Amino acid sequence: MKKVVINGDFAASYGALSAEVKFIAAYPITPQTLVVEKLSELVSDGELKASFVKVESEHSAMAACMGAEAAGVRSFTATSSQGLLLMSEVLHWSARARLPIVMSNVNRAVGPGWSIWADDTDSISQRDTGWMQVYVENNQEVYDAILMGYKISEDPGILLPTMVNLDAFFLSHTSEIVEMIDTEDVRKFLPPYDPKYKLDVNDPHAFGALTSPEYYYEFTVKIHKAMIKAKRKIQEVGKEFGDKFGRYYDMTEAYKTEDADIILVTHGTIAGTAKETVDRLRAEGKKVGNLKIRYLRPFPDEQVYEHLKNAKKIVVVDRSISYGKEGAFYSETKASLFDYNLFVPTYGMIAGLGGRDVSIQTIREIVKTAEDNEPNKIFFIGEKK
Amino acid sequence: MIEIRLHGRGGQGAVKAAEILAKAAFYDGKIVQSFPFFGVERRGAPVQAFTRISDDPIRVHSYIYEPDVLIVLDPTLVGAEGIDIIEGIKDNGKIVINSTKDPSDFEFHNKNGVQVYTVDATAIALKFHLGSASAPIVNTAIVGAIAKVTGLVSIDAVKKAIIDTIPRYKEENAAAAEDTFNNVK
């Protein structure tokens with residue numbers, strides 16, 4: 001184990017290094033650029049024994065990763081915002097082809113107005129591609145989520161790619177302490193990728209052929225079932241990771257929710273700021289808790305219900321909006337509760353769009369808004385009139 | 001948790017100063033976080049950077065609005081139009097300014113317990129040939145003063161952090177930090 005002070009982009013690069021990826025194709029875009037720079041440096045210095053292919057677009061980056069992965073080679077890429085959107089076609093393709101690629105996506109707003117700042121619209125808009133989506137809170141989790149991501153994705157019963165989402169600047173350009181795991185120890189946790197089916201000139205197969213209505217339906221259902229199965233795997237891998245390295249992960253993380261009247265539902269860096277605020281509000285006598293949601297896909301319905309079932313008010317914070325409806329995390333959370341016939345006052349809080357800072361003061365305002373208003377609708381926190 | 005906000009101009013190295021400060025505190029066994037103001041930096045334009053130092057895990061990820069310590073790398077930022085340098089400074093906070101003036105020359109010195117400290121980091125940077133005469137890089141010099149005034153980081157950790165962070169003229173930068181450490185007013 002070695003502790004270093006690095007930014008979130010470097011944490012992603014070191015995650016790929018520790019996972020001993022063998023193939024990287026990437027195209028730089030702010031604020032992901034440092035991921036690509038560090039990886040190319042690691043490869044050119046011989047520290048990471050991998051092929052690094054410079055490509056002309058994000059679409060090509062993912063297409064190249066698909067080729068490598070189909071040949072049985074562990075692949076990595078990174079992108080952000082418009083880059084992720086350009087990849088959209090091949091995001092669907094890579095998931096449906098059951099290629100367990102891991103990619104870090106730096107959550108950045110989409111234009112116009114042109115913006116390089118934090119916002120979840122990019123990844124949320126790719127929710128239905130078949131990629132598992134994990135949202136991380138700090139740089140340690142960036143690194144850890146990449147290692148766990150390969151383990152979960154490469155499981156023969158799952159074989160679906162993982163997108164590790166980190167907030168633009170609040171992680172990508174923020175330096176924090178990250179504990180890196182020794183390669184030998186990573187190997188005991190994450191064995192080399194050796195898929196049963198792969199492109200091999202000595203054992204020729206064709207993949208992705210024309211699929212008639214007779215088969216397409218079942219292909220699709222299999223992907224859904226694999227994604228559902230991944231819920232258990234995510235928990236198992238999170239526990240194994242904790243047993244081996246001391247940091248435990250699950251699909252959600254509940255903080256002081258058990259006796260809470262008001263429970264915040266957050267993800268990404270906002271979850272950390274929310275936990276800090278929970279402690280301050282509790283010191284003032286308010287029973288507030290926080291449920292951090294790590295996975296948007298697969299969505300942790302069971303855990304969301306379990307942790308929220310005793311709350312008097314549920315307050316979901318989104319850093320994006322589905323125009324004409326509400327924030328995605330708000331929709332998903334409500335749908336989980338509905339499935340369990342739980343009807344509790346809920347609040348959808350839209351905050352931090354386009355990199356607007358979500359501070360302790362913002363979280364206080366969110367809690368106050370829920371205290372002072374009628375439920376079951378959305379609120380725009382900090383909107384200038 | 002101690003929160004530090006640094007003000008400088010693009011090219012002076014405020015962002016690196018925040019990083020060096022964080023690394024130094026890390027070497028001293030603290031939990032740390034540092035980050036720039038997320039903008040589109042240009043040489044000469046006002047910039048901000050931030051450092052948090054704590055004994056406990058740092059969970060908050062937002063800008064710093066009520067700093068315990070304020071660092072000013074460029075004296076022309078004090079009183080500059082459109083910038084309220086001391087905004088949010090906590091009572092009894094500390095302000096380190098790169099300036100040839102005395103602390104008492106600043107009107108906010110001794111108000112609400114705020115203490116101003118000054119050091120001629122520009123002269124020290126020039127003495128060690130850091131940057132050019134027209135654009136001296138004062139970041140490593142100012143970090144030495146911060147170590148002395150706040151006691152948040154040891155000078156040995158600062159020097160190690162400088163050597164690990166600065167790509168060139170490592171020894172000169174470390175010497176500049178030591179110089180200000182001994183000369184801050």
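The sequence lines fix the lettering, A, B, ..., with proteins before strands; numbering per chain opens at 1. Bear in mind the structure is a predicted one, so any value in this text is a computation, not a measurement.
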Roughly how far apart are [X] [atom1] and [Y] [atom2], rounded to 0.5 Å?
| X | Y | atom1 | atom2 | answer |
| --- | --- | --- | --- | --- |
| A:F170 | B:Y63 | CZ | OH | 5.0 Å |
| A:E276 | B:R59 | CD | CZ | 4.5 Å |
| A:S359 | B:E66 | OG | CD | 10.0 Å |
| B:F35 | A:L171 | CZ | CG | 11.0 Å |
| A:N7 | B:Q33 | CG | CD | 12.0 Å |
| A:R356 | B:S62 | CZ | OG | 14.0 Å |

Exercise for the section: Could you look at B:F50 and say if it's the side chain, the backbone, both or neither that has a heavy atom under 4.5 Å from chain A? Expected result: neither

Completion exercise
Cut-off 4.5 Å, heavy atoms of chain A, and the answer for B:F26 is side chain

Practice task
Mind ranking A:T277, A:T30, A:D279 by heavy-atom pairs under 4.5 Å with chain B and telling me who comes out on top?
Solution key: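 Among the listed options, the one with the most contacts to chain B is A:D279.
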
Exercise for the section: Determine whether A:I360 and B:Y65 make a side-chain contact, defined as any pair of heavy atoms from C-beta on separated by less than 4.5 Å. Expected result: no

Practice task
Verify the distance criterion only: is there a donor paired with an acceptor across the side chains of B:H61 and A:E176 at less than 3.5 Å?
Solution key: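 Side chains of B:H61 and A:E176: pair found under 3.5 Å.
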
Handout entry: Region of A:V5 that comes under 4.5 Å of a non-hydrogen atom in chain B
Key = both

